[in-house]
**Student:** 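My questions all concern the structure below.
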Protein chains: 2
Amino acid sequence: MPAKPIIIADDHPLFRAALRQAVEGAAPERKIIETSSLHGVREAIEKYAPGLLCLDLHMEDSDGFAGLISLRQERPALPIAIISGSEDNSVIKRALRFGASAFVPKSLDVKDIRQAIAAVLDGDVWIPAAVGDDTQDKNEDAAERLVTLTPTQLKVLMMVQKGLLNKQVAFEMSISEATVKAHMTAIMRKLDVRTRTQAVLAANALVVDSDAPHDDA
Amino acid sequence: MPAKPIIIADDHPLFRAALRQAVEGAAPERKIIETSSLHGVREAIEKYAPGLLCLDLHMEDSDGFAGLISLRQERPALPIAIISGSEDNSVIKRALRFGASAFVPKSLDVKDIRQAIAAVLDGDVWIPAAVGDDTQDKNEDAAERLVTLTPTQLKVLMMVQKGLLNKQVAFEMSISEATVKAHMTAIMRKLDVRTRTQAVLAANALVVDSDAPHDDA
DNA sequence: GCGTCTATTCGACCTTGGTCTGATAGACCA
DNA sequence: TGGTCTATCAGACCAAGGTCGAATAGACGC
């Protein structure tokens, strides 16, 4: 069978080059497409029907884990390897929960990255060696529910999370306020909350840097 | 002059004992009062007019930095040394911004803690050696504004941040919903936002929320 | 004591949020 | 082809959020 191309999506040109090197080591015969935005990723997926996506979480338009969830829903069969500067345990676990096939910290050297890519191309799930199994997963429910949101619902929730009014969301998306309200009703039903404030709290599981509140009293 | 007593406030009895030892080393002649809640702290302040408060951030009723801010407003002259399991840079910097006189990580040994206490009793500000100067201070404004909130406003904001309705806040505080709304208006004015969702976003600067330091496998 | 300030309290009033009904249209699947 | 799911929207309706003006009470300066 013909080897499908690989997409590399990262903000940073230098790291993109390094990643390309690692990927070429793992799959020399594959075509590689580079991009630096979620938008570019979607275009590339449309155009090249890739077999693997290496995705940075910190791109301008990726909105934390929301981009990952959307892509997974659009192409469930496409394996996604998350590339991230973070090595935080909760970030790694959330990435996997949201459907990533691998988590590759940027601190890894080329050899290890190559190994990770090879594993994913082989159909495996790859994670860094030292991932603890702390079972303080109370955000598990929230994560479980967030993946059931449709891409449009996710987009609405992202805007609400930034503090926008329904009216403003409607304007940004060029739809009516009534539709935004309908989306919010559906979102809150799925997240099992009753107000937008609580929806925002639940959506904090999507934020990469400072993670959602948990009571480790 | 008579040496004013010292209050030690920490959830953990064992650590409270260790802290007492360190404090006694730094100020042998001082009376020491122990407590394990914010409520206990207030009582002790009322009763003993202390010269120093050693405050843990992770107590049941301390609501992150909100407790620190309240106490600072009630007793601006009382130096407060923050005791915390976290050593995260942003936590330390926020503690100082919110008026702490020292930041003492629990990982320090008794000798260093004694030194920190001594420094604060001397009127100095004490921080751990390795505090970087990473200039990712975008919460600086938010922090600046949060300290202008009155204790009541802070209390309301804490509840709203947990996702409670105005009606629920009113019930919890035994005041009318109209009053809660009035507080919210004042809060939003001070924080320079226009909706409760945005107020909750701003209030996130109060969340301590660091990763559990013990389970780094 | 007397003005002034601010925090807290509240009711009247308007705006935004959220539900429900019901409807249209496209995508996808069986 | 029919059934399900999603996205879109309108209008009515009620609940929640938010502003305004105003009253009270304590703190401060003078």
Side-chain angles (χ1 to χ4, degrees), chain A residues 46 66 69-77 145-203, chain B residues 46 66 69-77 145-203:
Chain A
E46 220 46 58
I69 296 179
S70 291
L71 291 171
R72 285 292 301 159
Q73 284 174 331
E74 294 164 22
R75 304 276 159 152
R145 288 170 184 145
L146 282 167
V147 298
T148 71
L149 296 181
T150 69
T152 312
Q153 289 167 354
L154 213 43
K155 195 173 173 189
V156 170
L157 182 55
M158 288 301 92
M159 294 185 183
V160 171
Q161 193 191 20
K162 294 194 177 89
L164 275 67
L165 305 177
N166 286 341
K167 197 182 298 184
Q168 295 174 304
V169 174
F171 179 78
E172 294 285 337
M173 296 180 65
S174 303
I175 57 181
S176 87
E177 189 180 349
T179 306
V180 176
K181 287 183 177 180
H183 284 311
M184 278 309 292
T185 299
I187 290 168
M188 292 187 292
R189 218 188 281 285
K190 282 186 178 177
L191 297 184
D192 192 29
V193 299
R194 276 147 302 282
T195 69
R196 71 169 36 211
T197 303
Q198 293 173 337
V200 168
L201 296 183
Chain B
E46 221 44 58
I69 296 178
S70 290
L71 290 171
R72 285 293 302 160
Q73 283 174 333
E74 294 163 22
R75 304 277 159 152
R145 287 169 184 147
L146 281 166
V147 299
T148 71
L149 295 181
T150 69
T152 311
Q153 289 167 353
L154 215 42
K155 196 173 173 189
V156 171
L157 182 55
M158 289 298 93
M159 295 185 185
V160 170
Q161 193 191 20
K162 293 192 177 93
L164 274 68
L165 304 177
N166 285 340
K167 195 182 296 185
Q168 294 174 304
V169 175
F171 178 79
E172 294 286 338
M173 296 182 65
S174 303
I175 56 180
S176 88
E177 190 180 348
T179 306
V180 176
K181 288 179 178 181
H183 283 312
M184 278 309 294
T185 299
I187 290 169
M188 293 187 291
R189 217 187 282 286
K190 283 186 178 177
L191 297 185
D192 193 28
V193 298
R194 275 146 305 281
T195 69
R196 74 166 36 211
T197 303
Q198 293 173 336
V200 168
L201 296 184

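Residue numbers start from 1 in every chain, and the chains themselves are labelled A, B, ... in the order their sequence lines are given, proteins ahead of strands.
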**Student:** From the options dG18(D), dA7(D), dT9(C), select the nucleotide whose nearest atom is closest to the side chain of Arg196(B).
**Tutor:** dG18(D)
**Student:** Considering just the side-chain nitrogens and oxygens of Asn166(B), establish if one lies under 4.0 Å of OP1 or OP2 belonging to dA16(D).
**Tutor:** no
**Student:** What is the distance from atom NE2 of His183(A) to atom CG of Leu154(A), rounded to the nearest 0.5 Å?
**Tutor:** 12.0 Å
**Student:** Inspect the surroundings of NZ in Lys155(A) and state if more than 12 heavy atoms from other residues, nucleotides or ligands are less than 6.0 Å away.
**Tutor:** no
**Student:** Can you see if the side chain of Thr179(B) gets near the phosphate of dC10(C) - specifically, an N or O under 4.0 Å from OP1 or OP2?
**Tutor:** yes
**Student:** Would you mind telling me which of dT8(D), dT8(C), dC10(C) lies closest to the side-chain atoms of Ala178(B)?
**Tutor:** dC10(C)
**Student:** Between atom CD in Glu177(A) and atom P in dT8(D), what is the gap in whole Å?
**Tutor:** 15 Å
**Student:** Minimum heavy-atom separation for Gln161(A) and Ala203(A), please, with both atom names.
**Tutor:** NE2-O, 3.3 Å
**Student:** Whole angstroms only, please: what is the CD-P distance between Glu74(B) and dT6(C)?
**Tutor:** 20 Å
**Student:** Between atom CD in Gln168(A) and atom P in dT15(C), what is the gap in whole Å?
**Tutor:** 16 Å
**Student:** Could you check Thr150(B) against Val193(A) and say which one's nearest nucleotide on DNA chain C is further toward the 5' end?
**Tutor:** Thr150(B)
**Student:** Side chain of Thr195(B), heavy atoms from C-beta onward: which of dC10(C), dT8(D), dG18(D) has the nearest atom to it?
**Tutor:** dG18(D)
**Student:** Nearest-Å distance, CG (Leu149(A)) to P (dT6(D))?
**Tutor:** 11 Å
**Student:** Report yes if a side-chain nitrogen or oxygen of Ser176(A) is closer than 4.0 Å to either non-bridging phosphate oxygen (OP1 or OP2) of dT8(D); otherwise report no.
**Tutor:** no
**Student:** So, do Val193(A) and Leu201(A) sit near enough that their side-chain heavy atoms are less than 4.5 Å apart?
**Tutor:** no
**Student:** Rounded to whole Å, please give me the gap between CG in Leu165(A) and P in dA16(D).
**Tutor:** 19 Å
**Student:** Could you check how far CE of Met188(B) sits from C1' of dC20(D), rounded to whole Å?
**Tutor:** 13 Å
**Student:** Strictly under 3.5 Å: I want the nitrogen or oxygen pairs between protein and nucleotides 20-28 of chain C, one per line.
**Tutor:**
| unit_1 | atom_1 | unit_2 | atom_2 | d |
| --- | --- | --- | --- | --- |
| dC20(C) | OP2 | Arg189(A) | NH2 | 3.4 |

**Student:** So, is His183(A) near the phosphate of dG18(C), with a side-chain N or O under 4.0 Å from OP1 or OP2?
**Tutor:** no
**Student:** Report the residues that fulfil salt bridge (Lys or Arg N to Asp or Glu O under 4.0 Å) with Lys162(B), sequence neighbours left out, ordered by chain and then residue number.
**Tutor:** Asp63(B)
**Student:** Shortest non-hydrogen contact from Met184(B) to Val160(B)?
**Tutor:** SD-CG2, 3.7 Å
**Student:** With no hydrogens and no angle check, is any side-chain donor or acceptor of Gln198(A) less than 3.5 Å from a backbone partner on Gly163(B)?
**Tutor:** yes
**Student:** Rounded to whole Å, please give me the gap between CE in Met159(B) and C1' in dG17(D).
**Tutor:** 18 Å
**Student:** Nearest whole angstrom, please: distance from the P of dG17(C) to the NZ of Lys181(B).
**Tutor:** 14 Å
